[in-house]
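For reference, the structure discussed in these notes is given below.
Just so it is clear: chains get the letters A, B, ... in the order the sequence lines come, proteins before strands, and each one is counted from 1. For clarity, every value in this text was computed on a predicted model and none was experimentally measured.
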Amino acid sequence: MVPLSYYLVLSGFLFACGVTGFLIKRNIITIFMSIELMLNGVNLSFVAFAAHWHALAGQIFVFFVMVVAAAESAVGLAIIIAVYRTRETLNVDQVNLLKL
Amino acid sequence: MSVHLILFLAFGAVCVAGAINLLAQTHPINSALSLIAVMAALAGEYLLLGAEFVAAVQVIVYAGAIMVLFVFVIMLLNAGVEERTQGSRVAVLFGIPGVLLGSILVAWVVLRHFGTEAVAAGALPGDPKTIGQMLFHEFLLPFEITSVLILVAIMGAVVLASKPPTSPAGGPARKVD
């Protein structure tokens, strides 16, 4: 049997890795992948708590998180393509003006 | 050491290694592949927790659909190795110690508060039948609202990623690549 706290520590570590990637990465696609990593860390704690408290609603929430992540990645990647068309760069340090 | 704990540690090691590799790599395609490894290992963790359907959906939707979208965009935009700048060096200097401190604090609080209370593996029915009954009875309204969200996201993606309407109308030729 695995203690609940081990799952929570793993989930917290994945979330922290996502935050670190969000801070230190300069490629806009990698920053976006760090956000996905954070969502995955949260999903793990949802499932772990669902198993711990015998509440199936926790697993349902994971589906909603996945749906929102899918919608977010579709829109976000479209925005990345639009940014690349106008700026011709993926470096976030060079995307610092609201208007060209 | 039980079999569950060994499997948890094995999948967890893959998760941790993939997450660190995502940060260490400079090319986005390598980061994407390590993120796929993290998601596949997380599906194993879900199986250990008795959430079979969530594990299957994790592999199909996350490691399949979403990551294919990422890899497709990386290849479409021909993303190269990222360069370091002044701002990113400052972020490395302050970000990594801060995040390490925060995660150690969270781990300490969680281990203190929850102790080593075990999760009963496979005790919760996570099969598609039970999930579906719950999804279409108690969570019917959120489910329907989700479909509207997906529709809006599809339309937004199409509008954003389509070519700007000024370029084909004989205006000044914009470099669209």
Side-chain angles (χ1 to χ4, degrees), chain A residues 1-10 12-21 23-27 29-30 32-34 36-37 40 43-44 47-48 50-52 54 56-57 59-60 62-64 66-75 77-82 84-85 88 90-91 93, chain B residues 2 4-5 8 12 15-16 19 22-23 28 31-32 35 39 42 45-46 49-51 54 57 61-62 66 69-70 73-74 77 79 82 85 87-88 91-92 95-96 99 102-103 106-107 110-111 114 116-119 121 124 126 130-131 134-135 139 142 146 149-150 153 156-157 160-161 176:
Chain A
M1 293 296 119
V2 184
L4 170 69
S5 48
Y6 290 8
Y7 284 106
L8 294 183
V9 167
L10 178 62
F13 179 79
L14 289 180
F15 191 88
C17 275
V19 174
T20 315
L23 289 176
I24 69 174
K25 286 294 179 183
R26 279 299 164 267
N27 190 311
I29 299 177
T30 321
F32 215 56
M33 285 193 276
S34 307
E36 296 292 329
L37 189 61
N40 270 283
N43 275 352
L44 179 61
V47 177
H52 185 244
H54 296 274
L56 206 58
Q59 295 186 13
I60 306 279
V62 171
F63 291 120
F64 289 123
M66 280 180 187
V67 167
V68 171
E72 170 229 329
S73 66
V75 175
L77 289 171
I79 290 175
I80 289 174
I81 290 174
Y84 188 79
R85 271 207 192 110
E88 293 179 359
L90 288 173
N91 192 333
D93 284 340
Chain B
S2 64
H4 269 111
L5 189 57
F8 169 81
C15 276
V16 169
L22 190 151
L23 301 180
S31 297
L35 187 56
M39 286 165 173
L42 271 179
E45 300 277 7
Y46 295 158
L49 283 165
V54 176
V57 170
V61 173
Y62 250 130
I66 296 182
L69 205 59
F70 270 95
V73 168
I74 289 169
L77 300 184
E82 65 173 351
T85 55
S88 81
V92 168
I96 290 181
V99 166
S103 56
V106 167
V110 162
L111 284 174
F114 289 100
T116 47
E117 209 179 334
V119 173
L124 190 68
T130 326
I131 294 271
M134 198 152 183
L135 197 60
F139 291 90
T146 298
L149 175 76
I150 288 283
L160 283 169
V176 176

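Each of A:Leu77, A:Ile81, A:Val75 was compared with B:Leu160 under the side chain to side chain contact (heavy atoms under 4.5 Å, CB included) criterion, and only A:Val75 meets it.
In this structure, the portion of A:Val62 lying under 4.5 Å from any heavy atom of chain B is its side chain and not its backbone. At a 4.5 Å heavy-atom cutoff, the contact between B:Ile131 and chain A is made by backbone and side-chain atoms alike. Residue A:Leu56 touches chain B through both its backbone and its side chain, counting heavy-atom pairs closer than 4.5 Å. In this structure, the portions of A:Asn27 lying under 4.5 Å from any heavy atom of chain B include both its backbone and its side chain. Contact of A:Leu44 with chain B is made through backbone and side chain together, with heavy-atom distances under 4.5 Å. Both the backbone and the side chain of A:Ile29 have a heavy atom closer than 4.5 Å to some heavy atom of chain B. The contact between B:Ser31 and chain A is made by backbone and side chain atoms together, counting heavy-atom distances below 4.5 Å. Both the backbone and the side chain of A:Phe32 have a heavy atom closer than 4.5 Å to some heavy atom of chain B. The part of B:Phe8 that comes within reach of chain A is its side chain, from C-beta onward, which places non-hydrogen atoms under 4.5 angstrom from that chain.
Atom-to-atom distance recorded for A:Lys25:NZ and A:Met33:CE is 8.5 Å, nearest 0.5 angstrom. Considering OH of B:Tyr46 and CD of A:Gln59, their distance stands at 10.0 Å, rounded to 0.5 Å. A distance of 13.0 Å separates CD1 of A:Ile80 from CZ of A:Arg85, quoted to the nearest 0.5 Å. If you take CZ on A:Phe15 and CG on A:Asn43, they are separated by 12.0 Å, rounding to the nearest 0.5 Å. Expressed to the nearest 0.5 Å, how far OG of A:Ser34 lies from CG of B:Leu22 amounts to 5.5 Å. Expressed to the nearest 0.5 Å, how far CZ of B:Phe139 lies from CZ of A:Phe63 amounts to 11.5 Å.
Residues B:Met134 and B:Thr130 fail the side-chain proximity criterion, which asks for heavy atoms closer than 4.5 Å. For the pair A:His52/A:Tyr7, no side-chain contact is recorded, criterion being any heavy-atom separation below 4.5 Å from C-beta on.
The most heavy-atom pairs under 4.5 Å with chain B, out of A:Leu10, A:Ile60, A:Thr30, come from A:Ile60. Ranked by heavy-atom pairs shorter than 4.5 Å toward chain A, the options B:Val54, B:Ile96, B:Leu149, B:Thr146 are led by B:Val54. The most heavy-atom pairs under 4.5 Å with chain A, out of B:Val106, B:Leu135, B:Val61, come from B:Leu135. In terms of non-hydrogen atom pairs under 4.5 Å with chain A, the most contact-rich of B:Leu42, B:Ile150, B:Ile74 is B:Leu42. Most heavy-atom pairs under 4.5 Å with chain B: of the set A:Val19, A:Val68, A:Asn91, this distinction falls to A:Asn91.
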